[in-house]
Amino acid sequence: MANTVTEDLTLEQASAEAGELTTRILEARDAYYDRDAAIYSDDEYDHFIRRLEELERLFPELQSQDSPTQTVGGRAETTLFAPVTHAERMLSLDNVFSIDEFDQWAVRVERDSDRHVDYLCELKIDGLAINLRYENGVLTTAATRGDGVVGEDVTDNIRHVKIIPQRLRGTGHPPLVEVRGEVYFEVETFRKLNAQQAEEGERIFANPRNAASGSLRQVRENKTQAQLDRMYRRLSGLSMLVHGIGAWQNPPVASQSQTYELLKEWGLPTSTHFRVKSTKEGAAEFIQYYGENRASVEHEIDGIVIKVDELALHEELGATSRAPRWAIAYKYPPEQVNTKLLDIVVSVGRTGRVTPFAVMEKVRVAGSEVRQATLHNQDVVKAKGVLIGDTIVLRKAGDVIPEVLGPVVELRDGSEREFVMPTRCPECNTVLAPAKAGDVDLRCPNAENCPAQVRGRVEHIGSRGALDIEALGEVAAAALTQPRIPVKPPLHTEAGLFDLTIDELLPIEVIVRDAETGLEKADPDGVIRVRSPFRRNPTSAEKKAGLTGPQPSSSALTLLAEIQKAKTKPLARLLVALNIRHVGPVAARALADYFGSLEAIRSATRDELAEVDGVGGIIADALIDWFEVGWHRDIVERWAAAGVQFTTPGHPGPGAAAVGGVLSGLTVVATGTLDGFTREGAQEAIIAAGGKAASSVSKNTDFVAAGPGAGSKLAKAEQLGVRIIDAEQFRRLVDEGPDAV
DNA sequence: CACCCTCGAGTTCA
DNA sequence: CTCGAGGGTG
C-alpha cells in the first residue's frame, strides 16, 4: 500500500499538502498553455502528480473531479475534442471535512466582511462540471472544466441533452454569458443505464460521475446507426443543474439566490435543494441534515457547497490563485473506499445456490465496518474484473449493502490471481450444475443431504416469515444439523424437527468460531474450544436435590416449547416453512386462503392451482414437482404425525372467494414505525380489512402509511404523488375504510 | 410486451 | 433494506 511516512499523515495535513500540489500542478499547466515556458521540469511535474495520486489513495475523501489527477492526462495530451479556453477561469473550491473546519472558514469570512453575511447552502452534485456559453441568448459552446483554464469542446454532445436549452427564454440577455453547472445522471437513471449496458454487453460504469463523463466523451465517428441511437439515448437521459455564472459584466442581480431566480427565468435548470441561512449555525444544520438524508436526493451528492449570498461581497473577499474565498465545499465522508481483496470464496444457500463473495481487509465505510460483500455469481466477478489480491473500490449501495465496484488496476504488482468458480459444492463435494440449461447460477443438486442446504432450510423454518420459532436461528440451526463429531446430528433433514426431544439436545457440542474470521478457536495449548448451547451445570440447589447431571439450558427449553407452539401456526406459515420454490409469504397466504388445507393443495391439478390470484403456471408446477419428491412427502408425513395442523379450522373448502372488506380493492404499503402496530401487525390489519399489503410503492399504490424512520418508500410515494397517511389515519383506514381519512 | 411485483439472498446495525 | 432475477398481470 503506502509507504510508512505517509501513513502517519492526518487528513488535514494531507489536505493541505494536496492543495499545495494542486496549485503547483495547475501553475505548471497554465505556464504550458500560456506560453511555451515550463516552470517545473517534466520530472518535477510527474513527481507532483504521483505524490498527489498517492495522497488521494490514502485519503479517498480528497479525490474530486477537480483534481489534476482526474483531468485528462498530462500537459501535452491531445484529445478527440477541441480545446476551448473559458472566457473566465473555472475555479475549484477549497474543501473542509468537519463542522469545525467549516466554522473556522465562516469566522474568517465574517471577520473580513464589514456587514452581515447570509450563506447560500446547496448540494454538491457528484457529476461533471460544464461551462455553457450563450451568445445573445443562443448556446454556442459547451465545454468541460478541464484544468480550469482550457476544457474540451463537447458542444455537439451537449446539444442532445434534453434539459439544456439551446436558446434562453425571454429577452434582454447579455451579449455573452457563461453559465456553470453540473451534468450528472440521476441515481435511478444511472441504475437503468447500467442494467442496459450489462444487457448489451457494454461496459458497466462504476458510478454516475463516470457514466456522465463517459457519455459526454463519446464520439460519432466509426459508429453504426444502432450505436449512434444508443449514444443519443444516453445523452438525452443526462440531467443538469446550473449553479453559477462566469463571464458577465454588471449583472442585474445582487445575490447568488437572485442569480438562481434569473437563471430559472431564462429556462435553465436550477436546484430546488438550496436554502439561504442567516447564520453559520444555520448552514451547519443544513450540512447535518443532508449528511443524514443523502439517500433522499434523486442524485448522488458528495458534499455541500456554502456560498456567501451577496455578490458584492464576492468581489470584496476575492479569490486565491485556485479557489474563491467566498465559497467552501463541505465534503462528506466518502461512500467509496479502497481496501484489499484477500480472497473470493463461495457460500451455499438454502436453495443450493452457490454465491461467490469477496473477503476483504476490514475497512470502515459509511459508518460501519465491512469485511465481506457479495459478488452474486461468476459472471459478475468477471464483469467487475477483480482479481484476488487486488486493491478494490468498495461502497455502500443505498448506504447499507456493501458493493465491490472494481479493481484499482494501477496498484497491481503481478501477484494477483483470477478467481476460479469451484466445480464441486464446498460443503458436500457434489458436482455443481445450473438448475436449467443457460442459467448463470450454479446450484448444488444435493438438496436432501447437503449440510449447508439443510442448515439453511432449518434456519428458514425458524425465521419470522415462516414459523417464527424463537431460539431457532442461525446458531441453533447449525447446532441441530451439524454438531461437532462424534455427536450424531439430531436433524438429518427438517423432517425430524417436531420430534426433537430434550435427550437429543443435551449432548450437542459445537465448535467455537471467531466471530470475525470464522476460524475455529483454540485454547493456548491447541485444544479446539467447544460449547454446549443446550445444557448447563446444575445449580447448588439442584445438586442438593440430587440432580447432579447436566441440566437443559434455557434456550433448549425455549426451543422445545416454541416448536410445540408452531404446530398450530396458520397454514400459510407452514407452507412457507416447507421451502417450496417460489412460495414465499405472499403466495403461501393466497394458497392457504383459497384451499384451506395442505391436502387440498396437494391434490389440486395444475390448472386448479393457477386459479389462485398471484399463482401462475410456474408456481403451480413448482408445487406439483415438490410433492412428487419422496423425502418432501416424508417431511409432511412426519410433521403431521407429530401433531402439526395443516388445515385451517372452519375453512369452507377449496375455491372459497375472499370476502370484501372496507379496503377491498385497495393497495396499502406500511413503512416506518406505526404507533400501535408491529410491522407484521400492520400488514395483517390491511389484509384483514380486505386490502392488499404490498411491499413496495408503485403508482398502483393507494395509500402509504408512514411512521418515523420511513425511508426510501416515503420518498418514492412523494415522488409518485401517492397519498401518505400517519399511524392515526392508518388506524381509521383499516377500521372504517378510505372515506374516513 | 411492458410494467409491476414477489422471491431470494446478502449484510450489518441496534 | 436493496438489488437482480424472473414470474404474473393488464
Side-chain angles (χ1 to χ4, degrees), chain A residues 187-188 190-192 194-199 204 295-296 345-360 362-377 379-380 383 394-404 434-436 438-441 443 452-453 456-457 459-460 463-466 474 515-516 518 575-576 579-591 609-623 667 669-673 679 683 692-701 709-716 720 722:
Chain A
V187 176
E188 183 60 21
F190 169 71
R191 206 182 55 72
K192 285 184 186 154
N194 254 358
Q196 200 169 3
Q197 292 281 110
E199 205 172 293
I204 307 281
S296 74
V345 286
V346 298
S347 67
V348 183
R350 75 180 159 98
T351 63
R353 206 172 109 181
V354 176
T355 314
F357 64 93
V359 179
M360 298 162 293
K362 186 159 76 179
V363 68
R364 203 170 175 80
V365 51
S368 59
E369 298 209 312
V370 175
R371 86 172 37 245
Q372 291 186 358
T374 180
L375 289 165
H376 305 288
N377 59 48
D379 280 13
V380 173
L394 180 79
R395 74 156 173 190
K396 287 262 202 95
D399 254 9
V400 185
I401 314 290
E403 181 189 6
V404 173
K436 58 179 197 300
D439 263 12
V440 190
D441 292 338
R443 303 193 108 90
Q453 295 185 60
R457 289 200 302 269
E459 188 186 338
H460 176 243
S463 72
R464 255 194 324 190
E474 195 182 338
E516 287 193 344
L575 270 173
V576 175
N579 280 293
I580 303 170
R581 282 273 242 149
H582 305 131
V583 179
V586 176
R589 175 98 196 196
L591 286 160
L609 290 168
E611 277 295 297
V612 178
D613 191 28
V615 177
I618 294 179
I619 293 184
D621 284 342
L623 284 158
T667 301
V669 174
T671 181
T673 316
R679 188 174 291 273
Q683 305 236 323
K692 204 170 154 199
S695 56
S696 59
V697 179
S698 71
K699 63 173 192 234
N700 294 339
T701 310
S712 61
K713 286 177 198 170
L714 178 58
K716 182 112 191 239
L720 291 171
V722 173

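In what follows, every heavy atom counts, from backbone to side chain, and hydrogens, waters and symmetry copies are set aside. Throughout, a chain's letter reflects where its sequence line sits, starting with A, and its residues are numbered from 1.
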Worksheet item: Is there a side-chain polar atom (N or O) of Thr374(A) under 4.0 Å from OP1 or OP2 of dT11(B)?
Response: no
Worksheet entry | Length of the NZ-C1' vector between Lys362(A) and dT11(B), whole Å | 16 Å
Practice prompt. Report the nucleotide, chosen from dG7(C), dT11(B), dG10(B), that has the shortest atom-to-atom distance to any side-chain atom of Ile618(A).
Written response: dG7(C)
Practice prompt. Measure the distance from CG on Asn579(A) to C1' on dC7(B) and round it to the nearest whole Å.
Written response: 13 Å
Discussion item. Can you give me the closest heavy-atom contact between Pro402(A) and Ala373(A), atom names plus distance?
Written reply: O-CB, 3.7 Å
Practice prompt. Compare the minimum distances between each of dA9(B), dT11(B), dG7(C) and the side chain of Pro402(A), then state the nucleotide with the smallest one.
Written response: dT11(B)
Worksheet item: Any side-chain heavy-atom pair from Leu609(A) and Ile619(A) closer than 4.5 angstrom?
Response: no
Practice prompt. Kindly point out which of dT12(B), dC7(B), dG8(C) is positioned nearest to the side chain of Gln372(A)?
Written response: dT12(B)
Discussion item. Please pick, from dG8(C), dA9(B), dT11(B), the nucleotide with the shortest atom-to-atom distance to any side-chain atom of Arg350(A).
Written reply: dA9(B)
Worksheet entry | Between C1' of dC7(B) and CZ of Arg464(A), the distance in whole Å | 17 Å
Worksheet item: How long is the span from the NE2 atom in His376(A) to the CZ atom in Arg353(A), to the nearest 0.5 Å?
Response: 9.0 Å
Discussion item. Nearest 0.5 Å, please: how far is CG in Leu394(A) from CE in Met360(A)?
Written reply: 5.0 Å
Worksheet item: OP1 or OP2 of dA9(B) sitting under 4.0 Å from any side-chain N/O of Ser347(A)?
Response: no
Worksheet item: Minimum heavy-atom separation for Arg350(A) to Gly456(A), with atom names?
Response: CB-C, 3.5 Å
Discussion item. Using whole Å, what does the distance between atom C1' of nucleotide dG7(C) and atom CG of Asp621(A) come to?
Written reply: 12 Å
Worksheet, complete the sentence: Atom NE2 of His376(A) and atom P of dT2(C) are separated, to the nearest Å, by 15 Å
Discussion item. Under 4.0 Å, counting only non-hydrogen atoms across every strand here, what does Gly349(A) touch: a base, just sugar-phosphate, or nothing?
Written reply: nothing
Worksheet item: What is the distance, rounded to the nearest whole Å, between atom NE2 of His460(A) and atom P of dA9(B)?
Response: 8 Å
Response to the item:
Val586(A) has its side chain closest, among dG8(C), dC7(B), dG8(B), to dC7(B)
Response to the item:
Here the distance between atom C1' of dG10(B) and atom CD of Glu474(A), to the nearest Å, is 12 Å
Worksheet entry | Length of the line joining Leu591(A):CG and dG8(C):P, which is rounded to integer Å | 11 Å
